Amino acid sequence: MSTDQPTPVLKLGWEEWIALPELGLPALRAKIDTGARTSALHATEIETFGPSTKPRVRFTVHPVPGQDHPLIPCSAEVVDRREVTSSNGESEMRYVIRTPIEVGGQSWPIEVTLTDRRGMTSHMLIGRQALGDTITVAPSERFCQPELSYDVYASARLRKSAPNRTLRIAVLSRENNFSTRRLVEEGEKRGHVVEVIDTSRCYMAINTLAPEVHYDGTRLPRYDAVIPRIGASVTQYGTAVIRQFETLGTHCVNGSTGITASRDKLHAHQILAGQRIGMPSTAFAASPKDTSNLIGLVGGAPLIVKLLESTQGKGVVLAETKKAAESVITAFRGLKANFLVQHFVKEAAGEDIRCLVVGGKVVAAMKRTGAEGDFRSNLHLGGKAVVARITREERDTAVRAARAFGLNLAGVDLLRAESGPKVLEVNSSPGLEGIERASGKNITGLLYDHIESRVRPAPAKPRRSSRRTSG
Ligand SMILES: Nc1ncnc2c1ncn2[C@@H]1O[C@H](COP(=O)(O)OP(=O)(O)OP(=O)(O)O)[C@@H](O)[C@H]1O
Ligand SMILES: [Mg+2]
Ligand SMILES: [Mg+2]
């Protein structure tokens with residue numbers, strides 16, 4: 001709107017339909033009361049969270065008076081906390097938030113106090129402070145502006161009518177690295193509340209009726225979604241924490257089962273083979289007596305010997321001859337290390353393809369080329385990455401591999417073999433830096449698109465019983 005054009009005067013009656021779009025409330029019946037100074041919104045489960053320098057408040061709104069459903073979780077920045085005396089003369093300390101109100105095609109920010117107005121006929125009260133010069137109130141009239149309907153809360157439609165609902169998201173990570181910072185930055189840019197939770201500092205109350213996750217002496221709140229970024233060194237504990245969130249019904253971008261299976265190279269290859277997904281022929285044996293047969297199973301030398309716990313290519317060895325393979329295997333056995341042997345896909349020539357799969361789609365792919373003379377293409381070992389064009393078969397393979405582990409976010413690594421794409425591994429915490437740089441795409445944003453589509457809309461289906469169960 002241009003500034004030199006005066007805003008038309010808006011006439012409001014004593015009752016109007018309004019929207020608070022940033023809170024995900026597309027329709028509310030509000031009472032306009034010029035006798036009251038402050039505005040108030042009916043909210044329950046009001047709790048503050050976040051850094052003390054920039055506190056936020058989380059609350060639940062029941063937009064339809066007298067009904068338990070729908071139930072909209074909201075959050076907003078706290079702008080003040082003040083004592084408010086309500087019409088019944090009782091005073092109360094309330095949190096104050098600032099959010100745009102929409103009515104009659106106009107929108108302006110108002111301050112709203114949060115309070116439990118249960119039992120009141122109106123769940124929103126608009127006081128004179130929220131009414132600027134361009135508003136006239138006709139106290140004897142009602143619905144001077146277009147009427148809305150609570151029907152917008154029916155789940156299928158809320159997706160459209162409340163696209164901006166703030167989500168509360170936990171990034172489970174122990175590291176303050178590029179990926180973690182991007183997840184926070186991008187989430188906050190979209191108005192979400194993103195908290196980084198150090199996985200190893202979570203502790204759990206494991207019980208049937210009230211499973212909980214605790215952190216720093218308090219119980220963690222209910223998150224809309226959890227983004228696991230579990231380091232390889234804490235897989236077991238990290239997946240236990242994720243399982244706990246799963247028990248609570250929180251949407252976890254990657255589930256504990258998929259993470260666990262993808263981390264164990266043997267298990268992962270068994271799953272891929274079970275789904276008929278292309279992979280280099282792979283074998284494993286525990287007894288030294290079988291070394292020679294084992295080498296034969298993958299087609300003889302040259303072959304790859306890989307530590308099961310390897311990451312960043314550090315435990316991956318190329319044995320050029322049968323003799324070399326035997327001595328590497330003997331050496332690994334001597335160290336009681338777990339390993340597998342694998343056919344060496346020579347024609348890949350030190351290159352692999354990282355496909356980034358988000359929500360069942362390949363959103364970007366890059367070709368990684370190893371440092372001069374290295375058969376390993378890991379970027380940590382000095383490899384280079386450029387954006388890659390992938391074939392339809394490669395795309396399908398990557399999507400199926402991510403699906404085999406139920407991962408909504410996965411880095412699927414492929415080798416280009418003569419007989420088609422071969423999956424090397426499926427990463428459940430793929431780094432975002434290399435792929436965003438190589439592709440020039442906002443991959444983190446695409447991940448949030450996916451999370452938003454999975455988590456919104458929030459309202460549960462109305463149940464016959466009005467009693468709510470704690471969970
Ligand atoms: N069977 C194979 N044939 C040819 N090259 C291979 C084979 N296995 C691994 N490589 C090369 O070695 C690199 C590292 O292997 P892999 O990804 O299995 O190990 P990792 O230690 O798990 O690494 P990451 O950090 O990617 O998890 C691969 O990116 C690939 O370039
Ligand atoms: Mg790996
Ligand atoms: Mg790899």
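Computed from a predicted structure; not experimentally measured. Order of listing sets the numbers, starting from 1, for every ligand and every atom in it.
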Nearest protein heavy-atom contact for [atom]: which residue, which atom, what distance?
{"atom": "atom 8 (N) of ligand 1", "value": "Lys306 NZ, 3.1 Å"}
{"atom": "atom 22 (O) of ligand 1", "value": "Lys265 NZ, 2.5 Å"}
{"atom": "atom 12 (O) of ligand 1", "value": "Arg376 CG, 3.3 Å"}
{"atom": "atom 3 (N) of ligand 1", "value": "Val345 N, 2.9 Å"}
{"atom": "atom 1 (N) of ligand 1", "value": "His343 O, 2.8 Å"}
{"atom": "atom 25 (O) of ligand 1", "value": "Gln312 N, 2.4 Å"}
{"atom": "atom 30 (C) of ligand 1", "value": "Leu424 CD1, 3.6 Å"}
{"atom": "atom 14 (C) of ligand 1", "value": "Asn378 OD1, 3.1 Å"}

Exercise: do Asn442 and Arg182 side chains pair donor with acceptor under 3.5 Å:
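The criterion, which ignores hydrogens and geometry beyond distance, is satisfied for Arg182 and Asn442.
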Ignoring hydrogens and geometry beyond distance, is a side-chain donor-acceptor pair present between Thr44 and Thr60 at under 3.5 Å?
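Per modelled atom types, Thr44 and Thr60 side chains form no pair under 3.5 Å.
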On the six-membered ring of Tyr448, is Arg190 placed so that its NZ or CZ lies under 6.0 angstrom from the centre and within 45° of the ring axis?
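Verdict for Tyr448: no cation-pi partner in Arg190.
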So, are [X] and [Y] salt-bridged, with charged N and O less than 4.0 Å apart?
{"X": "Glu111", "Y": "Arg82", "answer": "yes"}
{"X": "Arg368", "Y": "Asp413", "answer": "yes"}
{"X": "Arg454", "Y": "Asp449", "answer": "no"}
{"X": "Glu246", "Y": "Arg243", "answer": "no"}

Side-chain contact, heavy-atom cut-off 4.5 Å: Arg416 with Ile390?
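They are in contact (side-chain heavy atoms under 4.5 Å apart), so the answer is yes.
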Check each heavy atom of Glu425 against ligand 1 and say whether those closer than 4.0 Å belong to the side chain, the backbone, both or neither.
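Near ligand 1, Glu425 shows its side chain, while the N, CA, C and O stay back.
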Hey, is Lys346 touching ligand 1 through its side chain, its backbone, both or neither, going by heavy atoms under 4.0 Å?
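The answer is neither; Lys346 stays 4.0 Å or more away.
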Can you tell me if [X] uses its side chain to pair, donor with acceptor, with the backbone of [Y] under 3.5 Å?
{"X": "Ser179", "Y": "Leu432", "answer": "yes"}
{"X": "Glu433", "Y": "Phe178", "answer": "no"}
{"X": "Tyr95", "Y": "Val79", "answer": "no"}

Backbone or side chain, does any N or O of [X] fall under 3.5 Å from an N or O of ligand 1?
{"X": "Glu351", "answer": "no"}
{"X": "Asp352", "answer": "yes"}
{"X": "Arg368", "answer": "no"}

Total protein N/O/S atoms whose distance from the Mg ion (ligand 2) is less than 2.8 Å
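If we list every protein N, O or S atom nearer than 2.8 Å to the Mg ion (ligand 2), we get 2.
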Would you call the rings of His42 and His123 parallel, tilted or perpendicular, taking 30° and 60° as the class edges?
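If you compare the ring of His42 with that of His123, the planes turn out tilted.
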